Amino acid sequence: MTFEQLSAFTISDDHEAQERVWNELPAWNRYASNIRSALAGEGVRASDKRVKFLGGLDAYEAAGGTVRRDLFDDKEGGFAVDVVKLDALVAAKLEGAAKAVKAEGWKWVEIMPDVSYDTFQAYGRRYPEQVPLSEADQAELDQLTAEYDELAELIEAEAADEGADAKIEEIDKRITALQDRTEIYTPEAFEIGGAIVTLTNYGDVRIERGLVRPEDDRDDEADGDDEGGNGVEKPQEAGQPKVTHSAALVEDLTAQKTAALRVELANNHEIALAAVVHAMLLSVIYDYCPNVDSALQIKLTHERIEISMKRSDDCRAVAELEGLRETWGDHIPGNPADLWEWCLHQSRDELLSLLAFAAAHSVNAVRKLHCYDRKGAFEHADRLGQALEVNMTKWFEPTGDSYFSHINRQSIEAVIREAKGDQAALAVKAAGKKLEAVGIAERMVVDSGWLPEPVRISVRTADTELDDAGFNEDAPRPVAAE
């Protein structure tokens with residue numbers, strides 16, 4: 001039994017349970033993570049958003065919840081064992097937020113700690129109308145914004161006074177409160193609409209307002225205008241004569257209109273930038289935006305890469321991208337119908353930042369089985385990484401859980417030979433069981449800069465080029481084991 005396995009067993013002091021888990025797990029599957037999960041039962045990890053929302057395992061435990069911890073875990077690990085208790089505490093705390101939302105006058109308010117991308121597809125939407133702030137509120141907002149920027153610079157330069165973090169948090173809350181006054185829902189929205197109170201992946205409260213259940217949506221019926229779906233007027237049964245166009249003529253005239261729009265857009269890069277950003281954001285930011293589209297035939301294709309990961313919650317890059325999405329979500333209009341006018345009023349720098357954010361969602365370097373037609377895309381992904389000077393050691397660390405436990409012993413030995421030399425590989429070869437080899441390999445490659453081939457991006461400089469083993473130039477170079 002390795003030290004990692006022993007550490008995992010300290011999550012429980014039930015000796016019968018420990019022996020049962022050891023005997024029931026097959027020898028090839030006795031990884032520390034599997035032992036820990038088996039002993040924790042149906043426990044919830046400390047990294048779960050519900051635990052974060054409560055303030056961590058300590059807060060959950062103080063409220064009467066049962067916790068199991070690994071005595072050797074120095075990364076705030078552990079499990080909330082009583083899931084029913086956990087959900088009850090989360091629901092009680094969310095009730096406070098829901099109570100404030102109910103007081104706004106919505107027809108209904110629901111608490112859903114867990115929502116998926118498809119949750120909101122079942123609802124219609126009513127969006128708030130934009131209204132200007134009063135002169136006094138606008139003056140206060142300008143003052144607070146300037147104060148926030150000044151304080152943020154001091155904090156970043158590590159020159160701020162004690163308590164600056166708390167002060168900037170209060171300023172941010174006040175700014176948010178003032179910005180909320182620029183959006184007002186109509187009485188009709190409150191009459192038929194509702195809100196869902198949920199949690200973000202970071203454990204923060206998220207409120208989706210203006211949702212309309214299908215049975216309450218009054219906009220489902222057609223408006224009953226005099227035009228067909230292709231813009232051709234319907235025949236008039238009675239009344240004054242009206243100009244009518246055949247479908248062929250409409251197609252001809254609108255083609256000429258399109259040609260004019262294309263040449264004018266080609267000669268106006270400012271509007272072109274806003275138009276491209278607008279089209280891409282419609283696909284990236286909004287979960288559901290019926291009847292809102294772009295005249296540009298630009299559709300951003302972006303797949304959910306989390307389904308290709310074994311433990312996406314532990315991926316640093318996924319968490320970082322979600323943080324960017326939430327940050328931009330606070331600036332971009334909630335109503336997709338308002339996005340076009342909003343884009344037109346943004347600076348070039350702001351639009352370029354949004355263009356980069358949206359375009360990033362379309363990057364796909366995921367190698368799946370039988371994806372031979374994407375060889376060129378994979379090669380370009382590496383060239384993209386070289387241009388960006390991506391340091392993958394910042395985003396991925398080969399550990400027992402993330403890598404070594406998923407390859408066979410021969411591969412582990414080959415890895416160590418490549419990373420640390422022939423002498424080090426002998427230690428892996430001499431290991432009695434695969435689990436021991438996994439632990440040895442993990443300890444040997446830590447801080448070495450070595451990365452598995454599928455995640456490597458060679459970082460080229462003007463004078464040097466990294467070797468094929470994919471070591472990062474800033475990381476310590478590997479040495480042969482003594």
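FYI, side chains are in, hydrogens and waters are out, and symmetry mates aren't considered; it's all heavy atoms of this structure. Source: prediction; values computed, not measured.
Evaluated for a side chain to side chain contact (heavy atoms under 4.5 Å, CB included) with V277, the options L282, L339, L354 yield exactly one hit, L354.
Within a 6.0 Å sphere centred on CD of E16, heavy atoms belonging to other residues, nucleotides or ligands number 12 at most. The neighbour count for D13 CG, taken as heavy atoms of other residues, nucleotides or ligands under 6.0 Å away, does not exceed 12. No more than 12 heavy atoms of other residues, nucleotides or ligands shown are found within 6.0 angstrom of CZ on R348.
Taking a cutoff of 4.0 Å between a charged side-chain nitrogen and a carboxylate oxygen, E322 and K49 do not qualify as a salt bridge. At a threshold of 4.0 Å, the pair E110-R213 counts as salt-bridged, since one of the basic side-chain nitrogens sits closer than that to a carboxylate oxygen.
Panel note: side chain R325, backbone I285; a donor-acceptor pair is recorded below 3.5 Å. Checked by atom type and distance alone, the side chain of H406 pairs as donor or acceptor with a backbone atom of D401 at under 3.5 Å. A donor-acceptor pair is defined here as one N or O able to donate and one able to accept, closer than 3.5 Å; no such pair exists between the side chain of R209 and the backbone of G193. With Y60 contributing its side chain and G55 its backbone, the two residues share no donor-acceptor pair below 3.5 Å. Of the possible polar contacts, none joining the S294 side chain to the H278 backbone as a donor-acceptor pair under 3.5 Å is found. Between the E413 side chain and the K429 main chain, no donor and acceptor come within less than 3.5 Å of each other. With hydrogens and angles disregarded, no donor-acceptor distance shorter than 3.5 Å links the side chain of K420 to the backbone of V415. A donor-acceptor pair under 3.5 Å is absent between the side-chain atoms of D216 and the main chain of V212, judged by distance alone. Of the possible polar contacts, none joining the E436 side chain to the T2 backbone as a donor-acceptor pair under 3.5 Å is found.
Rounding to the nearest 0.5 angstrom, the gap separating the CD1 atom in I196 from the CE atom in M112 is 4.0 Å. To the nearest 0.5 angstrom, T258 atom OG1 is 12.0 Å from L265 atom CG. To the nearest 0.5 Å, atom CG of residue D382 and atom CZ of residue R456 are 11.0 Å apart. Atoms CG and CD, from L352 and Q346 in turn, are 12.0 Å apart once rounded to the nearest 0.5 Å. Here CG of D422 is found 12.0 Å from CD1 of I416. Values are rounded to the nearest 0.5 Å. M280 CE to L300 CG: the interatomic distance, rounded to the nearest 0.5 Å, is 4.5 Å.
Considering all non-hydrogen atoms of both residues, V455 and L451 come closest at CG2-CB, 3.9 Å. The two atoms that bring F53 and L94 nearest to each other are CZ-CD2, 3.6 Å, heavy atoms only. Of all heavy-atom pairs spanning K52 and A46, the tightest one is CG-O, 4.2 Å. The nearest pair of heavy atoms linking L281 to A358 is CD2-CB, 4.2 Å. Considering every non-hydrogen atom in both I440 and A427, the closest pair reads CD1-O, 3.7 Å. Here the closest heavy-atom approach between residue R409 and residue A437 is recorded as NE-CB, 4.5 Å.
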- Begin with the C-alpha distance, continue with both residues' side-chain angles, and end with the deciding distance and a verdict on side chain to side chain contact (heavy atoms under 4.5 Å, CB included) for L321 and H361. CA-CA 9 Å; L321 190 60; H361 285 73; 4.1 Å; yes
- After noting the C-alpha distance and the side-chain angles of S402 and E397, does the key distance pass the side chain to side chain contact (heavy atoms under 4.5 Å, CB included) rule? CA-CA 8 Å; S402 70; E397 180 182 5; 5.7 Å; no
- Task: Evaluate side chain to side chain contact (heavy atoms under 4.5 Å, CB included) for L54 paired with L86, printing each intermediate quantity in order.
- Result: CA-CA 9 Å; L54 292 179; L86 175 66; 3.5 Å; yes
- side chain to side chain contact (heavy atoms under 4.5 Å, CB included) assessment of L89 paired with K93: CA-CA 6 Å; L89 291 172; K93 189 173 181 180; over 6 Å; no
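Taking 4.5 Å as the limit, every side-chain heavy atom of P333 sits out of range of all side-chain heavy atoms of Y127. Annotation: side chain of V438 is not in contact with side chain of E4 (no heavy-atom distance under 4.5 Å). Between W328 and V284 the shortest side-chain heavy-atom distance does not fall below 4.5 Å. At least one side-chain heavy atom of R125 sits less than 4.5 Å from a side-chain heavy atom of E208. When side chains are defined from C-beta on, T399 does not count as touching V445, because their heavy atoms never get closer than 4.5 Å. Counting only heavy atoms from C-beta outward, the side chains of E169 and D172 never approach each other to under 4.5 Å.
Using cut-offs of 30° and 60° for the angle between ring planes, the Y403 and W450 rings count as tilted.
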